[in-house]
There are 2 protein chains.
Amino acid sequence: MTHTRTRLERGRNALGPALELVHTGRAPTRAVLTTALGVTRATAGAVASELQTLGLITVDSRPGGATGSHGRPSHRLAIDPGGPVALAAQVHADGFRAALVGLGGHLHATTPACTTVAADPKEILGQVVAAGADLLRETGRHCVGAGLAVPSAVAEPEGTALNPLHLAWPAGAPVRDLFNDCLAEAGVDAPGYCGNDVNLAALAEHRHGAGQGAAHLLCVATGHRGVGGALVLDGRLHSGSAGLALEVGHLTVDPAGRPCHCGSRGCLDVETDPLALLEAAGRTPGPEGSLLDQTRELLRTEYATDPAVRGAAHAVIDRLGLGLAGLVNILNPDRIILGGLHRWLLEADPDRLRGLIEAGSLWGRSGTVPLAACTLDYNSLVGAAELAWQPVLDDPLAALPA
Amino acid sequence: MTHTRTRLERGRNALGPALELVHTGRAPTRAVLTTALGVTRATAGAVASELQTLGLITVDSRPGGATGSHGRPSHRLAIDPGGPVALAAQVHADGFRAALVGLGGHLHATTPACTTVAADPKEILGQVVAAGADLLRETGRHCVGAGLAVPSAVAEPEGTALNPLHLAWPAGAPVRDLFNDCLAEAGVDAPGYCGNDVNLAALAEHRHGAGQGAAHLLCVATGHRGVGGALVLDGRLHSGSAGLALEVGHLTVDPAGRPCHCGSRGCLDVETDPLALLEAAGRTPGPEGSLLDQTRELLRTEYATDPAVRGAAHAVIDRLGLGLAGLVNILNPDRIILGGLHRWLLEADPDRLRGLIEAGSLWGRSGTVPLAACTLDYNSLVGAAELAWQPVLDDPLAALPA
DNA sequence: CGCAGTTTGTTTATGGGAGACACAAAGCCA
DNA sequence: TGGCTTTGTGTCTCCCATAAACAAACTGCG
């Protein structure tokens, strides 16, 4: 059961990589943990039991069922469902939401979607943090940290929101500091981190969703308004030297297109977001439901029957394909995942989009560009939690006092 | 002088990082090596003397001159000028060149520029390798490996040249295999590596030139024809999942511009290369000298006096600025360096180019984008040598048999 | 049922590499 | 010349990981 004393008390070397392997589902058993870490069985055993005593994972020595192969069955490794959690928060154009997320990207609790919006960031952040703190109180969980997803580029290392256009916040709002203030006021004793929502969604998808195993993952998504991008390189989010990478919204995809608030015309931001599709289809935005939901319904119910809808979808797909081809030429990712409306467009006509990317990129002409849909629910929330989990993944012993 | 025996014979842990620090000029003395590695003085001393016995660096315990500060003077560390070399080779639209490059990016010998061109890659590679082998014979140096720079994207892991348009080679030519064949035939017993010339130039500039210290370095350059780009992230070349990243030549910078061989119009490739500047200035390419040299002369002698030349330069600068702003929005580099004609354009009017980038990028609007010129001579050759040196930098003991 | 074969977990002995520490060396400055 | 500062060197020790041997648990077969 337990190991010798001398082993249990020691350091911090392979612990982080081992926890990350379990966290991302790449080490379901102790045997594969051994080979994935490239260490001996003895070391892997010590590391696993150390993580177990930290309360982070469970080591199940009685699999019970048949293993399907020869030899002694390996111990099952899993995230401890009773372990600590991270507080995740998201604010967007239509409201906010909070959640508790454990290791492995497991959602333990979520608040219902709240539709309050306010021009004062402190006000909204106070509400979402209070909602998260309530969840913590109800569940009695230990909280390792808190993460916040915002629909804006977040400058590093300042932690300021540079272009929160769709929140009507002041540009340059110090979201990270405000978030930490709200955490302190709500009695949550944990560090707070902030990031762009699409960046965090990409991170979550890379670790737990459609991006698993990709070395260079590109994610492009449109939610309520505007278009965001993200790049995960070798497992780490590439947010640029100042946190401003992958601001893909202003790639030009139609030189004669709509004017954009950036001063140019035909930007991805205004040519491929939900409003663009509705307008191209000759529809006016309805009063209820978000624009994203309206486009989803439109594609689901009328894409097959209404030529105008189909034509509009194709036009938007064509512009999206142009933008993605440009990104592929610059980044050469080995997987592309699409979220929001872009996901529905991909699913409406995958071949059209794929063909455009392959025709428009050097790489596409020489092979197949793997294109997939985001699959995770609440991926921005899960990604926000990843920010809070990162110190634990980097060094579990240092990050957990116990 | 020498250390205790037990220390000299051991492993391979801090050796690589230490050699890289000396190689890139960031560890001029043993004291700063100690702090840069974050280890104790004892460890740094053992590592330095190990590298010395390997014949890679010199450790000078007698500085002689005044140190300018208190305390015992630290031992000087330098690349051993008598150490091994890498064979570097470059082929381009107008010919080829070979060189021997030591650690630290030191050029030990170069062949004169040769203007032979041929549609058969094997023929040219045989000639350039033979020239390099002659240099090796003349100098009697030990060769750790060979690197080749080509003006084409090089697909990894195949090692094939995907778009050697300006060499009139067949697309998909297996350059790395051909290069290794030529090395073997020339009696050079060393592994051969290949890369894109601009990528390798960026790598060289990052380690020894204008890119030193940059965490996210973007390099854009135009040589004889076309435009290339490169990105160095955290000290490693980012060449994408298949070696095809930073194919920036086909960013659209003028929707109504010249037709491009890629099928689109107004690509960076055809709007900002030397030919584009000459045409915009109303000049016809002269018979002698490369197009690059002609544009350099034009800018040097007539930019200040001829309004047509100035207007043409400004037009090209404007398009380059548009392309760079797009790249900055995607990559958010903390330094941009320009080579070839782009360098001369930057030096002709730095404020104009800088202003365009800052106006056109989210990051630029919030701060200063560091923009600089490439400074290294033969940076593609030095970068090609870096490929060959990389195994030594990663693990000196494993890479050097002695 | 028992045994060979296979794979995995556990224990013990061993060793390499880096840190802590004390001391020596080599320059400044008064 | 003697204090002060910084750096190089030797010794001891500890920590982490490995190797090797053994034990455990399952499959499949006769």
Side-chain angles (χ1 to χ4, degrees), chain A residues 1-18 27-53 57-77 395-398, chain B residues 1-18 27-53 57-77 395-398:
Chain A
M1 209 55 53
T2 64
H3 280 257
T4 53
R5 244 165 277 96
T6 52
R7 298 228 91 121
L8 272 175
E9 304 302 333
R10 71 140 156 40
R12 49 199 58 183
N13 285 336
L15 277 183
T29 70
R30 232 189 67 175
V32 317
L33 177 67
T34 302
T35 59
L37 284 177
V39 298
T40 60
R41 291 198 297 271
T43 303
V47 164
S49 94
E50 177 90 22
L51 291 175
Q52 188 182 27
T53 62
I57 71 171
T58 58
V59 181
D60 188 0
S61 52
R62 297 279 171 227
T67 63
S69 80
H70 288 232
R72 174 176 175 173
S74 187
H75 291 186
R76 294 282 176 82
L77 303 180
D395 189 340
L397 273 184
Chain B
M1 210 55 53
T2 64
H3 280 260
T4 53
R5 245 164 277 97
T6 51
R7 297 226 94 120
L8 272 175
E9 303 303 334
R10 69 140 158 40
R12 51 199 56 186
N13 284 337
L15 277 184
T29 70
R30 232 188 66 175
V32 318
L33 177 67
T34 302
T35 61
L37 285 177
V39 298
T40 59
R41 292 198 295 270
T43 303
V47 164
S49 92
E50 176 90 21
L51 291 174
Q52 188 181 27
T53 63
I57 72 171
T58 59
V59 180
D60 187 0
S61 51
R62 296 279 171 227
T67 62
S69 81
H70 290 233
R72 174 176 175 174
S74 187
H75 290 186
R76 294 282 176 82
L77 303 180
D395 190 341
L397 273 183

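Lettering follows sequence order; numbering is per chain, from 1.
The phosphate of dT6(D) has neither OP1 nor OP2 within less than 4.0 Å of any side-chain N or O from Ser74(B). The shortest distance between the side-chain N/O atoms of Thr43(A) and the OP1/OP2 oxygens of dA17(D) is not below 4.0 Å. Contact between the side-chain N/O atoms of Arg41(B) and the OP1/OP2 oxygens of dT9(D) is not found at any separation under 4.0 Å.
A straight line from CG of Leu15(A) to P of dC15(D) spans 15 Å, rounded to a whole angstrom. If you measure from atom CG of Leu33(B) to atom P of dA18(C), you get 12 Å, rounded to the nearest angstrom. What separates NE2 of His75(A) from C1' of dT10(C) is a distance of 10 Å, to the nearest Å. Atom CD in Glu50(A) sits roughly 11 Å away from atom P in dA17(D) (whole-Å rounding). To the nearest angstrom, C1' of dA26(C) lies 14 Å from CZ of Arg76(B).
Side chain of Pro73(B), nearest nucleotide from dG8(D), dA24(D), dA26(C): dA26(C). Across dG19(C), dG10(D), dT10(C), the shortest atom-to-atom separation from the side chain of Arg30(A) is found for dT10(C). Listed candidates were dA20(C), dT7(D), dT8(C). Nearest to the side chain of Arg72(A) is dT8(C). In this structure, of dC29(C), dA23(D), dT18(D), it is dC29(C) that holds the atom nearest to the side chain of His70(B). In the set dG8(D), dT18(D), dA20(C), the nucleotide with an atom closest to the side chain of Ala31(B) is dG8(D).
For the pair Ser74(A) and Val32(A), the minimum side-chain heavy-atom distance is 4.5 Å or more. For the pair Leu37(A)/Thr43(A), no side-chain contact is recorded, criterion being any heavy-atom separation below 4.5 Å from C-beta on. Residues Leu77(A) and Leu33(A) have side chains in contact (heavy-atom distance under 4.5 Å, counting atoms from C-beta outward).
The one candidate from Thr58(B), Thr29(B), Val59(B) that meets the side-chain contact (heavy atoms from CB on, under 4.5 Å) condition with Arg76(B) is Thr29(B).
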